[in-house]
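Here is how names work: the chains are called A, B, and so on, in the same order as the sequence lines, proteins then strands, and each is numbered from 1. Scope of the values below: all heavy atoms of this structure, side chains included, with no hydrogens, waters or symmetry mates.
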Amino acid sequence: MTAEKTESTYEKVVELAKRRGFFWPSFSIYGGEAGFYDYGPLGVMLKDNIIRIWKEAYLRENALLIDTPVLVPRAVFQASGHVDKFLDIAAECDKCHLRQKLETFTKSAGYEEVFDTVESGLSFVRDNVVKCTNCGTRITRVYDVRQMFFLPDQGSSGDLFLRPETAQGIFINFKILNNLFRGKLPMAVAQTGKGFRNEIAPRQSLIRMREFNMCEVEVFVHPEKKFWAEIEYEDDITICPRSSQPVTLNAREAVNSGIISSNAMGYFITLTQQILLKMGISRDRLRFRQHEKNELAHYSFDSWDAEAELDGNWIEITGIADRNDLRNHEKTSGESMSVSTEEGDIVPSVIEPASGVDRIVLSVLMHSLKTRENGYTVLSLPPDVAPYHAAVFPLMKKNGMDQLARKIFRSLSLNDPCVFYDESGSIGKRYARQDEVGTPYCITIDGASLEDGTVTIRERDSAKQIRIAAEELINHGLIGNPSISLDKFKNQPS
RNA sequence: GCGGGUGUAGUGUAGGGGUUAUCACAUGGGCUUCCCAAGCCUAUGACCCGGGUUCAAAUCCCGGCACCCGCACCA
């Protein structure tokens, strides 16, 4: 009676995540709350590594970092358009209580209207007969579903909202930041932090959460040129332009041929690909897709999503949007957002690469999950993304091997705290436990170590090992140490 | 939000009105073991929550919550 079921990669990762401590549903002793997940010990380390890689990549672009509040007064999201546009106009059938977007009702009745406000929706259903798609009753009840959480009247000037994106914290500080940057353009400002969206139907663990981690950069460029820097990279990118077939080419070609609209857009699409690959996303399971016109957010007029393939579905993990927020804030606040250039005063345009950290964490785990021929699981994470860079084991807990192993562990962890010590169970069990959480190297102290100070170091993916002086590892570290590069393991026996 | 399915140790599961609630793996301790989840001994650990039916509910019914699938949604 048990149906034949192949476990999806998603299910394997969720099971592994709970069992080994990457992430699990929050608040579970009180029944849980949909859309919230806790990061466990290994998950925090993995997530922090992913954020670090992102941050380092943008520091190399001379980006400025900033950290602004999660709670934001109404005026900011009034100006950005979120208060008015970041909501769904919904309707409920009085008889069968079917609730869905008003537009879903009106479209199936043959109308093309789009609704921005409850008032426009109400007057439409007064003037036109719109029937329930389920039971045929006339629709009269229209209401709005806000996608921002908010705390009514908690601020000194009224309502406080939990930010749905970190970006506004950068825009409203534009003048201060640009002064710190000595008035130059182009300029990039980066922020990492939490965002909140009141998802109606949170799903798929880390993919759609109501509280989530984001990494956002606002790149301020000259509005006509939209130029950041020469695109030096020749990397092939899989590109899906709006309403046409996917092509593979590098960003410079794509910009020159007009497939990608600006230098800055092309530059940051390439940079995004490089960052995602470094984090452990698979090249052949990554593509960049341009938004259809009707898909664009209210603030954006061109947008490309980096999408990762997960169990056959393409999921957005980063969005690169062309937006124009400074003008809104200039208009609403009365503060000038213009910058003096040789061609006169201009209000910069914004190119925004924005990443969902949690979705990247899940994608990296799913893309890294491998199964050995013997059925055991290996997480093939990039060494500097893995929670632990190495594990140290005494081959056996006797003859002083454990004392020496602990000593070597101590020395290693002075320079690199991401090292794990384990002396329990058989050696094979310890290797397998580390494989499953992606630890790239296992260092074993054996009988010979006691004689000459060498240890064996086993590489995760090949399960092969070489012998090396412990001092070499202690002095030169684990990540990027050429004496333990992958080719050193190639010709070793299994 | 809608419809359907599922909820039993850390994980995966068996059972299905009265059981000391099955099994495996994992986990702790011990023995053994000089390199890949080995073996032996031993210990800990579970019926999602609330209400109802019943002499008796983990089991049946209702409600809630969570997860999964489909639809809708995804600024």
Side-chain angles (χ1 to χ4, degrees), chain A residues 2-3 5 7-8 10-12 14-21 24-36 40 77 80-88 90-93 96-101 103-105 107-108 133-134 145-148 164-165 167 195 197-205 207-210 295-300 303 305 315-316 319 321 354 356 359 372 374-378 393-399 401 424-436 442-450 455-458 460 463-465 467 493-494:
Chain A
T2 336
K5 211 181 79 180
E7 204 184 16
S8 65
Y10 172 75
E11 286 170 311
K12 283 184 197 161
V14 169
E15 187 270 321
L16 176 72
K18 174 93 186 281
R19 187 164 48 77
R20 296 304 307 271
W24 55 76
S26 299
F27 315 121
S28 63
I29 70 165
Y30 290 109
E33 181 71 32
F36 296 94
F77 293 125
S80 69
H82 283 87
V83 170
D84 294 327
K85 302 275 179 55
F86 194 56
L87 49 78
D88 283 333
E92 179 173 351
C93 171
C96 72
H97 300 287
L98 174 66
R99 295 166 161 198
Q100 45 187 18
K101 272 187 91 167
E103 285 158 24
T104 310
F105 285 118
K107 262 191 197 131
S108 58
T133 46
N134 181 43
V145 181
R146 297 202 168 268
Q147 289 170 69
M148 278 192 290
E165 56 172 14
R197 292 176 195 184
N198 191 10
E199 297 286 352
I200 307 297
R203 278 283 167 91
Q204 303 236 272
S205 62
I207 291 181
R208 291 179 72 188
M209 296 201 289
R210 297 204 278 173
E295 210 182 337
L296 290 168
H298 71 263
Y299 50 67
S300 153
S303 195
D305 281 351
I315 304 293
E316 176 194 350
R359 288 178 172 199
R372 283 203 208 283
N374 58 17
Y376 299 147
T377 300
V378 182
F393 310 141
L395 183 58
M396 282 178 304
K397 214 179 354 175
K398 63 178 189 190
N399 297 341
M401 286 181 213
S424 74
S426 70
I427 190 73
K429 187 183 275 192
R430 284 176 264 159
Y431 287 145
R433 280 200 285 238
Q434 294 305 312
D435 285 346
E436 198 180 41
C442 290
I443 295 159
T444 301
I445 283 72
D446 59 12
S449 311
L450 300 167
V455 296
T456 63
I457 180 162
R458 168 191 179 274
R460 176 195 63 207
K464 290 178 176 179
Q465 52 188 198
R467 184 165 279 278
S494 297

A/L16 atom CG is separated from B/A26 atom P, nearest whole Å, by 15 Å
### Message
Under 3.5 Å, is there a donor on one side chain and an acceptor on the other for A/R433 and A/S424?
### Response
yes
Whole-Å distance, A/H298 NE2 to B/C74 P, equals 13 Å
Taking the side chain as everything from C-beta on, heavy atoms only, tell me whether A/V14 gets closer than 4.5 Å to A/Q204. no
From CZ of A/F36 across to P of B/C65 the rounded distance in Å is 15 Å
Whole-Å distance, A/K18 NZ to B/U27 C1', equals 15 Å
Taken to the nearest whole Å, CZ/A/R146 to C1'/B/G1 is 18 Å
Donor-acceptor check, side chain of A/R208 to backbone of A/I200, threshold 3.5 angstrom: yes or no?
no
* **Steps toward side-chain contact (heavy atoms from CB on, under 4.5 Å) verdict (A/E199, A/M209)** => CA-CA 7 Å; A/E199 297 286 352; A/M209 296 201 289; over 6 Å; no
- Message: If I pick the P atom on B/C2 and the same atom on B/C60, what distance separates them, to the nearest angstrom?
- Response: 25 Å
Closest non-hydrogen contact found for A/R467 with A/A448 is NH1-CB, 3.5 Å
Picking from B/G1, B/U11, B/A66, the nucleotide nearest the side-chain atoms of A/A34 would be B/A66
When rounded to the nearest Å, what value does the distance between C1' atoms of B/G10 and B/A56 take? 32 Å
pair_partner(B/U44), Watson-Crick or wobble, both distances < 3.5 Å, evaluates to none
For nucleotides 30-39 of chain B, 5' to 3', base contacts (B), sugar-phosphate-only contacts (S) and non-contacts (-) with protein non-hydrogen atoms under 4.0 Å give ---SBBBBB-
**Report entry** Distance test, side-chain N/O of A/Y30 to OP1/OP2 of B/A66, below 4.0 Å
**Finding:** no
Give a yes or no answer on whether the side chain of A/N399 reaches the backbone of A/M401 with a donor-acceptor pair at less than 3.5 Å.
no
### Task
Kindly say whether A/F36 contributes a backbone atom to a donor-acceptor pair with the side chain of A/R210 at under 3.5 angstrom?
no
Which whole number of Å gives the distance between the C1' atom of B/C47 and that of B/A14? 12 Å
If pairing means Watson-Crick or G-U wobble with both distances under 3.5 Å, then the partner of B/A56 is none
Are the side chain of A/R460 and the backbone of A/Q434 linked by a donor-acceptor contact shorter than 3.5 Å? no
Rounded to whole Å, the NZ-P distance (A/K85 to B/C73) equals 19 Å
Out of B/G28, B/C71, B/C74, minimum distance to the side chain of A/R203 belongs to B/C71
A/E295 CD to B/C73 P, in whole Å, measures 12 Å
* **P atoms of B/C73 and B/G5, separation to the nearest Å** => 24 Å
As its Watson-Crick or G-U partner within any shown strand, both distances under 3.5 Å, B/A21 has none
dist A/S300:OG -> A/H298:NE2 (nearest 0.5 Å) comes out at 10.0 Å
Determine, step by step, whether A/S205 and A/Y10 satisfy the side-chain contact (heavy atoms from CB on, under 4.5 Å) criterion, reporting the C-alpha distance in whole Å, the side-chain angles of both residues, the deciding distance to 0.1 Å, and the verdict. CA-CA 10 Å; A/S205 62; A/Y10 172 75; 3.2 Å; yes
Rounded to whole Å, CD of A/E15 lies from P of B/G10 at a distance of 13 Å
Per-nucleotide protein contact along nucleotides 45-50 of chain B, 5' to 3', at a 4.0 Å heavy-atom cut-off (B base, S sugar-phosphate only, - neither), is ------
TODO: Give A/Y10 one of three labels, base, sugar-phosphate or nothing, depending on what nucleic acid heavy atoms sit under 4.0 Å from its own.
DONE: sugar-phosphate
Pairing partner of B/G70, by Watson-Crick or G-U wobble and under 3.5 Å for both distances, is B/C2
Taking a pair to mean Watson-Crick or G-U wobble geometry with both distances below 3.5 Å, B/G50 pairs with B/C62
Taking B/C23 as the reference, what is the distance to B/A46 when you measure between their C1' atoms (whole Å, please)? 14 Å
Report task. Provide the distance between the two C1' atoms, one in B/C55 and one in B/G64, to the nearest whole Å. Result -> 29 Å
Taking every heavy atom of A/P202 against every heavy atom of A/G35, the minimum-distance pair comes out as CB-CA, 3.5 Å
pair_partner(B/C31), Watson-Crick or wobble, both distances < 3.5 Å, evaluates to B/G39
Taking 4.0 Å as the cut-off, does a side-chain nitrogen or oxygen of A/Q204 come that near to OP1 or OP2 on B/C67? no
- For B/C48 and B/G15, measure between their P atoms and round to the nearest Å. 16 Å
Notebook entry, point to check: Which value, in whole Å, describes the distance between the P atoms of nucleotides B/C61 and B/G45?
Noted result: 32 Å
